Protein chains: 2
Amino acid sequence: MNHTQLRSFHAVAAEGGFTAASRVLNVGQPTITSQVKALERHFDVELFHRRGRRVILTETGRVLFRIAQRIISLEAEAEDSLNTYGGLQAGHLHVGAVGPYHATEMLSAFRDRYPGIKLSVTVGNSMEMAERILDYSVDVAVLAHVEDDPRIYTMPYSRHPVVVFVNKSHRFAKRRRIRLAEMEGEHMVLRELGSTTRLAFETAIREAGVTIDPVMAIGSREAVWLAVARGIGIGVVSDIEYIPHPDLHTVEVVDADIYTTAHVNCLAERRDARLIRAFFDMAEDLKTRRNVASI
Amino acid sequence: MNHTQLRSFHAVAAEGGFTAASRVLNVGQPTITSQVKALERHFDVELFHRRGRRVILTETGRVLFRIAQRIISLEAEAEDSLNTYGGLQAGHLHVGAVGPYHATEMLSAFRDRYPGIKLSVTVGNSMEMAERILDYSVDVAVLAHVEDDPRIYTMPYSRHPVVVFVNKSHRFAKRRRIRLAEMEGEHMVLRELGSTTRLAFETAIREAGVTIDPVMAIGSREAVWLAVARGIGIGVVSDIEYIPHPDLHTVEVVDADIYTTAHVNCLAERRDARLIRAFFDMAEDLKTRRNVASI
DNA sequence: TCGGACCTATTGGAAAAACCAATGAACCAC
DNA sequence: GTGGTTCATTGGTTTTTCCAATAGGTCCGA
């Protein structure tokens with residue numbers, strides 16, 4: 001059975017005539033005639049009684065019409081559904097992030113722009129996020145780290161200075177700015193080796209010929225924060241990630257360009273998937289707006 | 001949305017791959033690829049994640065698949081239904097007849113051959129039957145009368161001698177055969193003017209130059225039968241229509257070829273409608289079988 | 001009862017779609 | 001690696017769909 005034939009039949013039955021059906025389907029009337037006739041001939045049934053210029057469903061036709069109506073209605077439903085997803089009025093975007101800091105702004109903007117899209121956020125380190133991108137369990141990920149993998153597409157999003165933060169009793173506690181050289185020999189609490197912030201900081205001091213004393217490496221931002229609050233050492237953090245604390249104080253490093261860059265990542269081959277493109281477009285807009293605002 | 005695309009999508013989702021889908025649908029694999037791709041491009045959605053040689057439904061794809069399954073299943077139902085009607089395993093045939101006499105044999109044979117077809121029988125006179133054929137309220141009609149209407153197709157079915165029947169006290173009651181001339185001046189109980197039996201009989205006696213005395217014309221076979229039983233006159237009837245009665249006796253007319261012919265009729269343009277053709281074919285078979293049996 | 005309006009059927013040819021064979025590229029199991 | 005399997009791409013062919021023109025019929029009102 002041909003679907004065009006079924007659609008023609010349905011229109012004729014619904015509109016009560018071949019000509020009326022042809023108008024509804026935007027085709028010529030002979031087309032309708034031949035489609036319905038082909039359907040009748042193929043199954044060797046009569047679907048309509050042609051009484052002069054009136055057509056009346058036969059019993060067979062009535063049975064078919066009931067089924068056809070359900071099919072047509074389901075097709076409309078399918079089309080609606082696809083339009084809804086394609087038009088970004090429904091859908092589900094899985095977002096990965098190494099921490100909520102960079103991602104929240106984007107998630108909030110995305111939610112405002114596409115209220116119908118469900119958002120799920122997975123938090124994990126950069127390596128985990130890269131894996132999840134590759135196995136489709138997240139659609140986009142906001143990372144500081146840049147994956148060196150041709151399968152992953154990366155867009156720089158925002159640049160954040162790395163600041164030093166110290167306990168209130170530390171000698172830097174009264175300072176607003178320091179120079180890098182002043183950190184020589186400082187006890188420091190650092191993140192684990194893979195941390196992008198740590199990498200940026202260590203690159204900077206190595207270039208400046210400064211050496212520090214890494215007293216502790218901890219695998220969590222909050223743990224570092226607490227350790228510094230207790231005076232175990234001083235810490236470094238991306239300014240956007242810094243959480244105020246009564247015992248803590250931040251200090252700007254003036255003579256070095258230490259920063260981390262947040263990137264939006266996705267599977268390269270999915271760069272143009274509807275939802276993913278929408279997320280990147282929105283990130284692009286946020287970036288531009290911030291630049292304009294800062295002028 | 002194109003139906004071919006939907007079918008391809010459904011097969012891929014159901015079979016778990018493009019190649020598997022192409023085998024099920026008996027088309028080449030490139031066809032499937034292009035159909036699904038076209039569907040995705042048209043609505044700007046992703047339906048499958050292509051993970052190497054494995055394909056996995058996206059959320060959008062899952063939603064569409066559920067709808068597509070229902071559509072495909074309804075299409076199978078529609079096709080089944082049409083095959084059932086086309087294969088004469090279901091359907092409804094409206095049969096008209098002037099009396100049950102000629103029709104019952106055919107109805108019985110038809111029911112045996114096509115047990116799934118519902119039969120409705122409408123009884124009425126020839127003129128009513130002709131009208132009902134023309135307005136589609138009966139599909140076929142078994143009549144003695146031949147309609148002189150080009151829109152009605154007619155097939156002769158069986159020829160039945162017209163016999164005379166008399167009351168036990170009549171002078172013919174002891175006879176097996178009479179000649180037509182012997183009926184000169186007889187009191188006769190006849191049917192109404194339109195009766196085919198009456199017409200055949202009157203034509204025969206006119207040709208033979210015999211005149212009779214029509215004492216009564218009654219519009220019902222049963223009424224004539226009763227009138228003759230009471231001795232009001234003698235009657236004529238098609239032998240197949242004759243119903244025995246203790247007070248009645250049938251007499252054959254040997255020197256005249258008086259008979260009626262049962263015809264099967266239908267709307268000429270519907271001669272090849274499946275059910276109608278089946279009825280005619282069956283009538284043809286019955287006729288042939290009777291001729292063979294009579295040799 | 002006659003003609004205009006309206007409807008379905010038919011036909012031949014044009015436009016569009018579905019389709020395939022061949023081939024490429026990526027992946028997986030051995 | 002290597003062969004077997006899978007999806008993607010390309011071009012050209014076959015099939016389907018479609019239309020314009022037209023015929024033949026019914027219906028309705030003058």
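Predicted model, so just to flag it, every value in this text is computed and none were measured. Every chain is numbered from 1 and lettered A, B, ... according to where its sequence line falls, protein lines coming before strand lines.
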Can you give me the closest heavy-atom contact between Thr260(A) and Ala200(A), atom names plus distance?
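Between these two residues, the closest heavy atoms are CG2-CB, 4.4 Å.
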Minimum-distance pair of heavy atoms, taken over all atoms of Lys287(A) and Tyr157(A):
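Closest approach of Lys287(A) to Tyr157(A), heavy atoms only: CD-O, 3.0 Å.
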Ignoring hydrogens and angles, state whether a donor on the side chain of [X] or [Y] is under 3.5 Å from an acceptor on the partner side chain.
X: His94(A); Y: Thr122(A); result: no
X: Gln29(B); Y: Thr33(B); result: yes
X: Thr58(B); Y: His49(B); result: no

Does the pair [X]/[Y] count as a salt bridge with the N-to-O cut at 4.0 Å?
X: Glu40(B); Y: Arg50(B); value: yes
X: Glu192(A); Y: Arg198(A); value: no
X: Asp44(B); Y: Arg277(A); value: yes

Atom CZ of residue position Arg271(A) - does it have more than 12 heavy atoms of other residues, nucleotides or ligands inside 6.0 Å?
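Atom CZ in Arg271(A) is packed in, count exceeds 12.
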Using a 6.0 Å cut-off, check whether atom CZ of Arg113(B) has over 12 heavy atoms from anything other than its own residue.
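Yes, because the 6.0 Å sphere around CZ of Arg113(B) holds more than 12 heavy atoms from other groups.
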Grab the N/O contacts between the protein and nucleotides 13-16 of chain C below 3.5 Å, and write none if there aren't any.
none

Plane angle bin for Phe110(A) and Phe279(A) - parallel if under 30°, tilted between 30 and 60°, otherwise perpendicular
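Judged by the thresholds at 30° and 60°, the geometry between Phe279(A) and Phe110(A) is tilted.
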Give the first and the last nucleotide of DNA chain D, reading 5' to 3', that has any atom under 4.0 Å from a heavy atom of chain A.
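Contact boundaries, 5' end first: dT16(D) to dC27(D).
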Residues within [range] bordering DNA chain C, heavy-atom distance below 4.0 Å:
range: residues 11-22 of chain B; result: none
range: residues 38-46 of chain B; result: none
range: residues 64-77 of chain B; result: none

Got a second to check how far Arg191(B)'s CZ is from Ser220(B)'s OG, nearest 0.5 Å?
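Interatomic distance, Arg191(B) CZ to Ser220(B) OG, rounded to 0.5 Å: 7.0 Å.
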Full working for side-chain hydrogen bond (donor to acceptor under 3.5 Å, both in side chains) between His10(B) and Gln5(B):
CA-CA 8 Å; His10(B) 178 264; Gln5(B) 296 166 0; over 6 Å; no
Are the side chains of Asn83(A) and Gln89(A) in touch, meaning some heavy atoms are under 4.5 Å apart?
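SC-SC contact between Asn83(A) and Gln89(A) ruled out.
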Rounding to a whole Å, what distance do you find between Leu6(B):CG and dA17(C):P?
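Between P of dA17(C) and CG of Leu6(B): 17 Å.
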How close or far is atom C1' of dT8(C) from atom NZ of Lys37(A), stated in whole angstroms?
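Computing the Lys37(A):NZ to dT8(C):C1' distance gives 9 Å.
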Walk along nucleotides 18-30 of chain C from 5' to 3' and tag each nucleotide B, S or - by protein heavy-atom contact under 4.0 Å, base first, then sugar-phosphate.
SSBBB----BS--
Take Asn265(A) and Val140(A) through the side-chain contact (heavy atoms from CB on, under 4.5 Å) test and state the conclusion after the steps.
CA-CA 6 Å; Asn265(A) 300 273; Val140(A) 294; over 6 Å; no
Going through the checks in order, is the salt bridge (charged side-chain N to carboxylate O under 4.0 Å, His left out) test met by Arg23(B) and Glu15(B)?
CA-CA 10 Å; Arg23(B) 279 194 290 265; Glu15(B) 301 299 321; over 6 Å; no
Hey, does the side chain of Thr31(A) reach the backbone of Val27(A) with a donor-acceptor pair shorter than 3.5 angstrom?
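No; zero donor-acceptor contacts below 3.5 Å.
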